[in-house]
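Residue numbering restarts at 1 for every chain, and letters A, B, ... go by the order of the sequence lines.
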Protein chains: 2
Amino acid sequence: MPKPPTITDVADEAGVSISTVSRHMRGDRVRAAKRIDRAIARLRYRPSPAARSLKSGKTGAVALVVPDVTNPFFAAVVRGAESITAQGRHIIFLANTDESDDREAAVIEDLLSRVDGMLLAPASESDPNPQRLADAGVPTVLIDREGPSAGCFDVVLVDNYGGARSAVEHLLSLGHERIATIAGPVGSTPGRLRLEGYSATMADAGIDPPSAFVQPGGFMEHGGYQAMMQLLALPDPPTAVFVANNLMTIGALRAIKDIGVRVPDDLSIIGFDDHPFSEILDPPLTVVGRPMEQQGALAMRMLLSRMSENPGRMARRVVLDTHLIQRASCSPPRENPMSIPQGARALINKFPKHPHPERGSPDGSGRKRTGTTLERRN
Amino acid sequence: MPKPPTITDVADEAGVSISTVSRHMRGDRVRAAKRIDRAIARLRYRPSPAARSLKSGKTGAVALVVPDVTNPFFAAVVRGAESITAQGRHIIFLANTDESDDREAAVIEDLLSRVDGMLLAPASESDPNPQRLADAGVPTVLIDREGPSAGCFDVVLVDNYGGARSAVEHLLSLGHERIATIAGPVGSTPGRLRLEGYSATMADAGIDPPSAFVQPGGFMEHGGYQAMMQLLALPDPPTAVFVANNLMTIGALRAIKDIGVRVPDDLSIIGFDDHPFSEILDPPLTVVGRPMEQQGALAMRMLLSRMSENPGRMARRVVLDTHLIQRASCSPPRENPMSIPQGARALINKFPKHPHPERGSPDGSGRKRTGTTLERRN
DNA sequence: ACCTTACCTGAAAACGGTTTCAGAAACGGT
DNA sequence: ACCGTTTCTGAAACCGTTTTCAGGTAAGGT
């Protein structure tokens with residue numbers, strides 16, 4: 001374990017002072033340039049980031065704080081952000097917050113003094129953490145979600161409202177009226193806006209959906225599962241469902257599969273966020289798509305510019321467009337109301353309002369659909 | 001932008017020397033403890049990581065270098081690793097290498113002096129980078145892939161060979177003989193071992209598959225797509241395919257869907273690595289599963305212990321078990337050879353051996369299946 | 001030769017902590 | 001009251017850079 005060489009070693013080797021070496025590294029013209037380069041190469045010298053940032057106050061690092069890297073959307077954001085820093089001289093700290101304000105506070109506290117800037121997807125809109133960052137003077141760009149002090153931060157959003165609207169309008173145009181939604185937490189920007197988009201579009205169409213048609217799913221897979229179960233258990237179930245995020249869509253589709261409902265014959269489904277798998281589902285899933293990697297890349301670009309430019313500049317607010325990707329999970333509603341198989345109804349009733357702890361046992365994964373006896377119901 | 005308080009400010013405020021403050025922070029008994037705490041709270045003092053690591057030589061950070069966070073497997077690994085450090089006093093640098101040795105070298109060079117340890121999934125087995133880390137004295141744990149100097153590094157693998165074997169044995173037990181595989185790069189540990197598992201199991205069964213039954217897919221989605229196209233174009237196509245990773249499986253399924261082959265009637269499919277979507281595919285996908293988050297968590301635990309314990313300890317090599325998750329994408333082979341629809345054959349021929357640059361145009365995602373009459377429903 | 005200007009250089013002072021060292025204060029036993 | 005311990009303390013050195021400052025040297029004009 002030979003200790004790494006310092007600038008002093010290089011200076012000695014090259015027969016100059018450390019100041020000269022330092023200047024050479026910075027790019028200044030220096031007489032001994034060649035000798036210094038040789039010394040650096042021979043010694044395999046790398047300047048110490050710690051010493052450097054102690055002196056300069058800059059760390060050369062950027063933090064990226066997201067609720068969950070496992071969510072393909074945030075994975076894409078990470079990738080997009082990373083693709084920008086990769087070319088420049090910044091590296092990325094990554095942290096998960098598990099959608100918790102407290103965890104987020106802890107994470108931020110940790111990262112605060114280690115970075116020159118931060119990309120943050122706040123857990124909720126009431127989250128006080130962005131303000132904390134502002135107080136500490138850390139340049140910050142919010143991703144996908146707005147904070148409580150909206151307007152004070154750079155932020156990169158997508159048109160959640162418009163996306164939801166286009167989804168619901170698509171369903172309306174197919175002739176659906178009994179349209180339900182599985183919504184995210186209203187405390188988060190996407191959760192709130194996608195729900196508002198749904199509600200407004202329904203209202204515009206002159207439809208006042210029953211309150212049970214808005215099911216909270218918490219942006220989690222099992223929440224989507226439960227929510228869909230609730231919808232299917234309704235005496236008068238919807239003919240179409242707009243599921244407001246990718247994870248919940250998986251859960252909802254699992255529920256649909258468990259019950260044996262046919263898509264799109266019995267029920268039309270439209271999700272939010274595309275995924276490679278969406279295309280190979282049967283039927284291929286219609287979704288609201290958005291430029292995910294671009295969202296991350298753009299946010300990182302904005303952060304870098306905010307870090308280098310005048311920091312007092314007005315906050316920028318970018319809203320990216322969504323686009324409807326029509327596949328085959330939506331069709332006109334059937335004339336007769338959908339029928340839920342007998343055995344399935346028992347299964348539905350096993351999932352009442354209260355959240356269940358986790359996804360079922362590992363073995364449950366192989367479960368085949370239940371019986372197929374049909375029972376009319378309205 | 002009030003400059004953050006330093007230890008000197010705290011010392012002044014508390015009326016002691018900086019040494020005393022420093023000792024108090026470290027946990028030593030100190031008379032002025034209470035006053036110091038008050039000063040710290042009042043000033044919102046946070047010690048500077050830069051100064052700290054300059055003196056101590058420790059950074060409190062750990063690097064996690066993976067080929068691609070967008071791959072659900074690595075996303076899970078990140079999450080697992082993160083769940084371990086979250087409790088302790090380390091934070092994570094994340095970097096993608098895009099499966100390139102060169103990019104990896106650059107990334108590592110950057111990270112080298114900023115971390116106390118590194119978790120690395122090397123791009124290839126001939127990758128010289130782990131050795132570079134060893135030379136630099138950075139504690140390193142390899143994830144999922146072994147380096148050239150196997151045995152010199154701690155490493156957390158899964159039983160790739162056994163997993164592949166169980167997949168192929170499953171197909172054999174169903175009566176298949178014409179079993180093909182879509183393999184990863186043989187230069188990588190999982191690619192090589194999963195292929196070896198396939199080959200050995202076939203040999204044990206007394207079967208010598210034609211060489212065209214081993215299609216390289218490069219662990220990428222479009223590679224899996226092409227590979228499956230190749231297999232389907234064979235005059236005598238396989239009755240079952242073992243796809244050696246998750247991304248390639250998506251591509252393979254897209255190809256299958258595009259051509260209109262029925263699973264499992266025409267072709268049995270088994271993938272490697274489970275995914276929430278696998279369960280809701282039609283038919284649900286049979287896969288070789290493995291504990292992904294645990295793999296990341298375990299690797300991180302090993303790294304932390306290696307960093308704290310005697311660094312000269314023998315390298316540990318952990319191999320985690322895989323498990324077969326039987327769903328519905330495999331069945332006994334049909335008696336008559338599968339028939340490829342006429343129109344589809346033209347499509348197949350559009351994808352010859354040479355790799356195509358990227359996944360088709362963004363708009364291609366909405367493509368409906370080509371004109372075949374094969375409609376399937378159960 | 002001499003002075004100016006333009007470069008380039010090395011010594012030294014930061015940056016904000018940790019750690020060593022020697023000494024001061026408190027303590028306990030006689 | 002004295003001495004030997006133990007516990008606590010502040011001054012100062014150090015970690016590896018960057019940056020300021022005051023020269024020093026070479027080039028250019030007279």
task: Give the first and the last nucleotide of DNA chain C, reading 5' to 3', that has any atom under 4.0 Å from a heavy atom of chain A.
output: C/dC8 to C/dG16

query: Whole Å only: how far is the CG atom of A/L54 from the C1' atom of D/dC14?
result: 12 Å

- line: Sorted by chain and residue number, the side-chain contact (heavy atoms from CB on, under 4.5 Å) partners of A/V77 (sequence neighbours excluded) come out as A/F73, A/I143

field: Pairing residues for B/R46 by the side-chain contact (heavy atoms from CB on, under 4.5 Å) criterion, not counting sequence neighbours
entry: A/E109

- prompt: Hey, is the main chain of A/T70 close enough, under 3.5 Å, to the side chain of B/R79 for a donor-acceptor pair?
  reply: no

query: In Å, rounded to the nearest 0.5 Å, how long is the span from CZ of A/R44 to CG of B/L112?
result: 9.5 Å

- prompt: Do NZ/NE/NH1/NH2 and the carboxylate oxygens of B/D154 and B/R317 come within less than 4.0 Å?
  reply: no

message: Based on the rotation axes of five pairs at each end, what angle does the helix from C/dA1-D/dT30 to C/dT30-D/dA1 bend through, to 10°?
response: 40°

message: Without decimals, in angstroms, what is the distance between A/R52 CZ and D/dT17 P?
response: 8 Å

- line: Comparing nearest nucleotides in DNA chain D, the 5'-proximal residue of the pair B/I18, A/P47 is B/I18

message: In whole Å, I'd like the distance from the NE2 atom of A/H24 to the C1' atom of D/dT18.
response: 16 Å

- request: Just call it for B/S19: base, sugar-phosphate, or nothing, with non-hydrogen atoms closer than 4.0 Å on any strand.
  value: base

- prompt: Is it true that A/R42 and A/E13 make a salt bridge, defined as a side-chain N closer than 4.0 Å to a carboxylate O?
  reply: yes

message: Testing the 3.5 Å rule here: is there a donor-acceptor pair between the side chains of A/N96 and A/D98?
response: no

- prompt: Is the shortest distance from a Lys or Arg side-chain nitrogen in B/R145 or B/D127 to a carboxylate oxygen in the other one below 4.0 Å?
  reply: no

- prompt: Among side-chain atoms of B/S305 and B/R316, is any donor-acceptor pair under 3.5 angstrom?
  reply: yes

query: Hey, does B/T6 reach any base, or is it just sugar-phosphate, or nothing, if we go heavy atoms under 4.0 Å?
result: sugar-phosphate

- request: Indicate whether the side chain of A/T189 and that of A/E146 have a donor and an acceptor atom separated by less than 3.5 Å.
  value: no

Restricting both atoms to N or O, compile the protein contacts to nucleotides 5-9 of chain D shorter than 3.5 Å, with distance only.
from, atom 1, to, atom 2, distance (Å)
D/dT9, OP1, B/R31, N, 3.2
D/dT9, OP2, B/R31, N, 3.4

- prompt: With B/D116, which residues qualify under salt bridge (charged side-chain N to carboxylate O under 4.0 Å, His left out), at least two apart?
  reply: none

